[in-house]
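Within every chain, numbering begins at 1; the chains are lettered A, B, ... in the order of the sequence lines, protein sequences first and strands thereafter.
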2 protein chains.
Amino acid sequence: MIHYNMTTPSPDDPGAPLGFAKHDHHACVTDALSVAEARCAEEGLRLTPVRRKVLEILLREHRALGAYAILDLLREEGFGSQPPVAYRALDFLSENGFVHRIERLNAFVACTHADEAHSPAFMICRLCDTVAEAQSAPARGALGAAAKAAGFQIEKTVVEAEGLCPACVDKAAS
Amino acid sequence: MIHYNMTTPSPDDPGAPLGFAKHDHHACVTDALSVAEARCAEEGLRLTPVRRKVLEILLREHRALGAYAILDLLREEGFGSQPPVAYRALDFLSENGFVHRIERLNAFVACTHADEAHSPAFMICRLCDTVAEAQSAPARGALGAAAKAAGFQIEKTVVEAEGLCPACVDKAAS
DNA sequence: CCAATAGATGATACACTATAACATGACAAC
DNA sequence: GTTGTCATGTTATAGTGTATCATCTATTGG
């Protein structure tokens, strides 16, 4: 089962790409922050100012950012600017499913449906680095069978597809 | 379709783990080198001394090695010891399917069936870092459907499962 | 045979990514 | 108010990867 992530398109905000579809980005950011706050309150997690700001940055940018790019933005907003500041916030956020690490890019993206438990799959454009998140369950299929046969216990899976996003396909064709 | 990698077990060589099964490691190394040589000859690829040595190192070690670990071994055998030496050889080998990069570990493993075209999936033990290679075709399933729906052209996929290998499961249980 | 070319290697320097270690601060529990 | 815990600040350093330019070597064409 896979669920392609796509929110309501909106003509009044050209915005940054979510998945590869346009959408009401301002609402998308504030909604996601609210969801995160609610879940932290529920579960006794501490969404401190730095952590909240990092999540906000990633939601706002809506693409994969390296830790040092995040760090630059944190500095601009008056937060600490040494690497551990960013890495610690990112650790918290990814441990709790608010952001995902993109191994292929050594970078991070905000999760676009942080409320559900999920094992994400990503589509990464090799030209513009845009990242779209999809849902998948690789451990249930062929890989799961191989692991079972081998006696390997899967705890987590990384699925990342690299290729061309719709916009870059068009550009390449022209 | 998935094919778990397992070669002939042999009691006379305790050896390093291949996948997670014991096997005749000496034969496994020389066989793989022969296959690589044959394919390079066929396709006009140049399996130069450094490239061959890097492949041999990865086959011999039979686990994921970082570029700098490879570099140390190259130095011991009298080759150049600056990072580009290792990275260039690894680029050549991975472009041609003789080794794979493990994104999760920033490391490289020799391919265990370099003769077939394939899109590999890996099982990585988080305790001992052993890596087993399986075959999968993620782009044909759910992910492929999501990509198609999104208009994303997949060129390459990375599938890496992290968990516990059989040996470490046993250790953890005791 | 020699020159021209292209691919591979050597070597220096640097950029980017990540963590160890230790000090400080904020806040709750006892 | 002391203790414990968790988060943050700060310095330093470790680990991973490339850009650049010079040199070498093997063709290939003259």
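In summary, B:D72 and B:R75 engage in a salt bridge, as defined by a charged side-chain N under 4.0 Å from a carboxylate O. The pair A:E56-A:K53 meets the salt-bridge criterion, since a charged nitrogen lies less than 4.0 angstrom from a carboxylate oxygen. Ion pair A:K156/B:E162 not flagged as a salt bridge, since none of the NZ, NE, NH1 or NH2 atoms sits closer than 4.0 Å to an Asp/Glu carboxylate oxygen.
Base contact: B:R88 has a heavy atom under 4.0 Å from a base atom.
Atom-to-atom, NZ of B:K53 to P of C:dG10 comes out at 14 Å; the value is rounded to the nearest Å. Rounded to an integer number of Å, the gap from A:D91 CG to C:dT17 P is 16 Å. Rounded to an integer number of Å, the gap from B:Y87 OH to C:dC16 P is 15 Å. Rounded to an integer number of Å, the gap from CD of B:E103 to P of C:dA18 is 12 Å. Rounded to whole Å, the distance from CG on B:L71 to C1' on D:dT16 is 12 Å. Taking atom CD1 on B:I70 and atom P on D:dT16, their separation rounds to 11 Å, with Å as the unit. One atom, CD of A:Q82, and another, C1' of D:dA14, lie 16 Å apart when rounded to the nearest Å. One atom, CG of A:L105, and another, P of C:dT17, lie 10 Å apart when rounded to the nearest Å.
With D:dA7, D:dG17, D:dT11 as the candidates, the nucleotide lying closest to the side chain of B:P83 is D:dG17. Nearest nucleotide to the B:V85 side chain, out of C:dG10, D:dT8, D:dG17: C:dG10. In the set D:dG9, C:dA8, C:dT17, C:dA8 carries the atom at the smallest distance from any side-chain atom of B:R51. Of the candidate nucleotides C:dA18, D:dT18, D:dA7, C:dA18 has the atom nearest to the side chain of A:N106.
The backbone N or O of A:E103 sits less than 3.5 Å from a side-chain atom of A:E160, completing a donor-acceptor pair.
Scanning for side-chain contact (heavy atoms from CB on, under 4.5 Å) contacts around A:R51 gives A:R46, A:L47, A:T48, A:A89, A:F92, with sequence neighbours left out.
Residues A:H100 and A:P120 are in side-chain contact: their nearest non-hydrogen atoms beyond the backbone lie under 4.5 Å apart.
By the 5.5 angstrom centroid cut-off and the 30-degree plane limit, A:Y68 is classified as not stacked against the base of C:dC16.
Between B:A110 and B:L55, the shortest heavy-atom distance links the atoms CB-CD1, 4.4 Å.
Judged by closest nucleotide on DNA chain C, B:V50 is the one of A:R46 and B:V50 placed further toward the 5' end. Toward the 5′ end of DNA chain D lies the nearest nucleotide of A:F79, the other residue of the pair B:F108 and A:F79 mapping further downstream.
Not one side-chain nitrogen or oxygen of B:R101 sits closer than 4.0 Å to the OP1 or OP2 atom of D:dT16.
Rounded to 10°, the angle separating the first-five-pair axis and the last-five-pair axis of the helix from C:dC1-D:dG30 to C:dC30-D:dG1 equals 20°.
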